[in-house]
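Written below as structure tokens is the structure these notes are about.
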2 protein chains.
Amino acid sequence: MATISDVARAAGVSPATVSRVFNGGRVTAERAQRVREAADTLGFSPNRVARSLRTQRASVIGLLIPDIANPFFTALARGVEDAAQRTNLSVVLCNTDEDVDKERRYLDVALAEHMAGLVVAAASRRRTDLSAAAQRGMPVVAVDRRPRAAEVDAVMVDNQHGAEDATAHLIERGYRRIACVTGPAGASTSEDRLAGYRAALRDADVPDEWIRAHTRHADFRVEGGYTAMKELLALDVPPDAVFIANNLMTVGALRALREAGVAPPGFGILSFGDVPWASLVHPSLSTVHLPAYDLGEAAATLLQERIAGSAKPLQTVVLRTSLEPRNSTAGPG
Amino acid sequence: MATISDVARAAGVSPATVSRVFNGGRVTAERAQRVREAADTLGFSPNRVARSLRTQRASVIGLLIPDIANPFFTALARGVEDAAQRTNLSVVLCNTDEDVDKERRYLDVALAEHMAGLVVAAASRRRTDLSAAAQRGMPVVAVDRRPRAAEVDAVMVDNQHGAEDATAHLIERGYRRIACVTGPAGASTSEDRLAGYRAALRDADVPDEWIRAHTRHADFRVEGGYTAMKELLALDVPPDAVFIANNLMTVGALRALREAGVAPPGFGILSFGDVPWASLVHPSLSTVHLPAYDLGEAAATLLQERIAGSAKPLQTVVLRTSLEPRNSTAGPG
DNA sequence: ACTCGGCCTGAAATCGATTTCTCACCCGGC
DNA sequence: GCCGGGTGAGAAATCGATTTCAGGCCGAGT
């Protein structure tokens with residue numbers, strides 16, 4: 001591997017001159033030419049480790065996500081990656097598995113590695129701690145989930161509004177007994193979506209007591225959705241529709257519904273978050289589409305501004321969801 | 001951010017001693033204790049950039065995969081990640097998008113970043129070029145797909161055997177007109193799977209000419225599978241079963257089949273590679289299960305041996321697939 | 001008592017780039 | 001002819017760790 005000194009020697013100049021050629025310093029055209037030729041023949045490309053050490057800034061950003069198997073997060077990752085690539089940043093993808101300890105280990109690595117910045121979809125609203133990074137001046141952007149205590153930029157979706165819209169849509173279709181399966185009590189996403197669901201039902205004069213009795217908290221995973229749905233179906237008077245707060249739980253719920261022989265349009269299903277290949281499974285499944293790719297792109301762009309030194313006040317960008325209804329003519333009747 | 005000298009000063013020792021405390025040199029217990037206390041109070045963790053520069057080896061490995069949205073590769077990535085974490089390596093995940101240029105850019109980054117090694121699922125059998133890495137002594141393990149010219153370790157699945165088994169399974173069930181949708185002509189995976197399919201059919205005395213007429217090459221993506229399946233269904237005498245060479249094309253093919261009103265068990269479907277939530281879609285879909293996680297784990301383990309300096313001759317590890325039939329009593333009839 | 005090892009320790013070199021500092025040179029103006 | 005300003009280039013410092021080298025101390029053996 002050729003070093004900058006090798007190139008300097010080959011071109012008959014000093015290492016400083018070589019560095020200037022590649023970093024926009026003032027060098028006479030003739031010398032610059034010689035340096036470039038020498039670099040080409042030697043196959044030189046600057047050692048990024050040495051550069052990082054000297055300049056005190058890396059060309060790597062970290063992306064912490066809770067579940068790499070969830071298509072929502074892979075789409076988000078692609079958004080981050082595309083935005084990062086535009087300024088020659090590489091992305092280290094870290095899968096925290098919804099595990100706060102694993103997440104903290106990755107945070108430590110990011111700090112020791114002196115990464116340029118972090119995009120974090122927090123594993124927990126309450127227990128994720130981003131203060132260490134903030135303290136050491138490493139820019140952080142929270143995405144999708146905002147850890148409670150952190151003073152960081154954030155890019156979110158309008159969970160409450162999206163959920164309210166979606167639930168209202170079910171009501172318009174004529175469903176009357178609309179249950180809800182949401183995520184863990186701690187998570188901001190699950191609380192906001194639940195709040196939206198509640199708002200829509202209250203607006204339709206459904207009593208709070210009924211709402212509480214038909215709300216289930218699960219874990220944002222397939223199995224959790226399955227179990228919660230089974231519980232709801234076992235009620236004395238089961239619901240005629242359900243609002244489900246994420247895509248994986250929807251998959252589980254669909255299994256429970258199939259086992260119970262229940263299907264649209266007699267039973268209304270609304271998923272918050274796109275279910276992969278949902279059109280194959282249930283053509284009549286409505287979904288709230290989340291702009292996962294844009295979320296990642298916006299977060300990475302914001303992060304790059306901070307890395308470049310922007311001192312603007314903290315921002316929170318909120319992206320809107322969009323409802324994608326199917327089979328608009330059908331209803332419960 | 002505290003440096004090693006800060007710790008040294010605080011503990012009243014030299015930086016060398018601090019380094020030895022953390023890297024297993026011989027230091028008296030009393031001093032080591034003082035150093036550890038100083039490090040704790042200062043929140044010291046060694047700067048990995050400086051360490052990499054000095055030791056000439058990084059604690060980061062690169063993972064190049066062609067499609068992060070494919071569950072097969074995310075499972076593989078988790079295998080790599082878990083294995084890497086056991087020896088404190090971090091994984092940089094690079095999504096090449098089946099694009100050889102993008103892949104080459106990532107390879108260059110990996111070299112400039114002086115990563116410890118690479119696990120590569122090549123974007124192309126013919127055009128992916130791993131020689132630059134090999135030349136500079138960076139260990140590389142190919143996984144799932146083996147680039148033609150490269151002299152590297154590899155971890156593969158037994159594509160041909162798996163495909164042959166799967167096709168034989170369809171024959172046993174009584175299907176007689178078994179078509180095939182495979183991947184691009186260049187890819188090793190698609191060729192091997194096609195070969196297995198052919199072998200099984202030849203074994204059942206199906207003429208070569210018929211086989212050729214019922215084989216379609218597509219692009220390993222959803223749309224490709226859809227188009228190819230439509231073509232096959234439009235034949236004068238359409239097939240009564242199909243062997244599909246990867247999971248995403250199966251999704252497309254299923255859509256084509258649904259549109260044509262064709263379904264199991266009258267029509268036999270066999271997917272090479274697990275289709276996510278297939279049980280929801282079509283309970284009677286048989287799949288060849290690919291050990292994606294183990295593939296990644298084995299590759300990362302092999303890579304770590306090389307990084308540690310193993311000079312064993314090049315290895316190729318082949319993992320077996322397993323057939324997961326459903327609805328075993330049903331057949332075409 | 002003297003020497004020879006062995007074991008710790010700190011000083012200093014090192015990794016490969018960037019960047020500051022300094023100097024030499026050249027040009028133009030007075 | 002001399003001086004000032006501007007420009008380009010090299011020498012050397014620097015980033016933060018690891019590692020070599022050399023020396024100091026202590027204990028054991030003769």
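Bear in mind the structure is a predicted one, so any value in this text is a computation, not a measurement. The chains referred to below are lettered A, B, ... by the order of the sequence lines, with proteins before strands, and numbering in each begins at 1.
Remark: A/R54 is not in phosphate contact with D/dT14, judged by side-chain N or O atoms under 4.0 Å from OP1 or OP2. Between B/N47 and D/dA17 there is no side-chain N or O to OP1 or OP2 distance below 4.0 Å. In this model, the phosphate group of D/dT18 is not approached by any side-chain N or O of B/Q56 to a distance below 4.0 Å at OP1 or OP2. Put simply, A/R26 has no side-chain N or O that comes within less than 4.0 Å of OP1 or OP2 on D/dT7. Contact annotation: A/T17 side-chain N/O to D/dG10 OP1/OP2 distance is under 4.0 Å. B/R31 has a side-chain polar atom (N or O) that falls below the 4.0 Å cut-off from OP1 or OP2 of C/dG10. Residue B/S52 places none of its side-chain N or O atoms closer than 4.0 Å to OP1 or OP2 of C/dC15. In this model, the phosphate group of C/dG16 is not approached by any side-chain N or O of A/T3 to a distance below 4.0 Å at OP1 or OP2. Between A/T28 and D/dA9, a side-chain N or O to OP1/OP2 separation shorter than 4.0 Å is present. For C/dA17, neither phosphate oxygen OP1 nor OP2 lies less than 4.0 angstrom from any side-chain nitrogen or oxygen of A/S19.
Closest non-hydrogen pair, A/G117 versus A/I307, comes out as N-CD1, 4.2 Å.
Between the CD atom of B/E30 and the C1' atom of C/dT9 there is a distance of 13 Å, rounded to whole Å. As rounded to whole Å, 12 Å separates atom C1' of D/dA17 from atom CZ of B/R57. Between the CD1 atom of A/I4 and the P atom of D/dA9 there is a distance of 15 Å, given to the nearest Å. Atom CG in A/N23 sits about 15 Å away from atom C1' in C/dT20, given to the nearest Å. The distance from atom CG of A/D6 to atom P of C/dG16 is 8 Å, rounded to the nearest whole Å. One can place CZ of B/F22 at 14 Å from C1' of D/dG16, the figure rounded to the nearest angstrom.
Using a 4.0 Å heavy-atom distance criterion, B/V49 is classed as making no nucleic acid contact. Within 4.0 Å (heavy atoms only), B/V18 reaches no atom of the nucleic acid at all. Using a 4.0 Å heavy-atom cutoff across all strands shown, A/F44 reaches sugar-phosphate atoms only and no base atom.
Taking the six-membered ring for Trp, B/F22 and B/F44 have ring centres closer than 6.0 Å.
Nearest-nucleotide assignment on DNA chain C puts the 5′-proximal partner with B/V27, out of B/V27 and A/L53.
The distance from the CG atom of B/D97 to the CD atom of B/E103 is 11.0 Å, given to the nearest 0.5 Å. Atoms CE and CG, from A/M115 and A/L89 in turn, are 12.0 Å apart once rounded to the nearest 0.5 Å.
With 3.5 Å as the limit, one finds no donor-acceptor pair spanning the side chains of B/E81 and B/Q85. A donor-acceptor contact closer than 3.5 angstrom is absent between the side chains of B/T17 and B/R31.
Checked by distance alone, B/R20 brings a side-chain donor or acceptor within 3.5 Å of a matching partner on the base of C/dG10.
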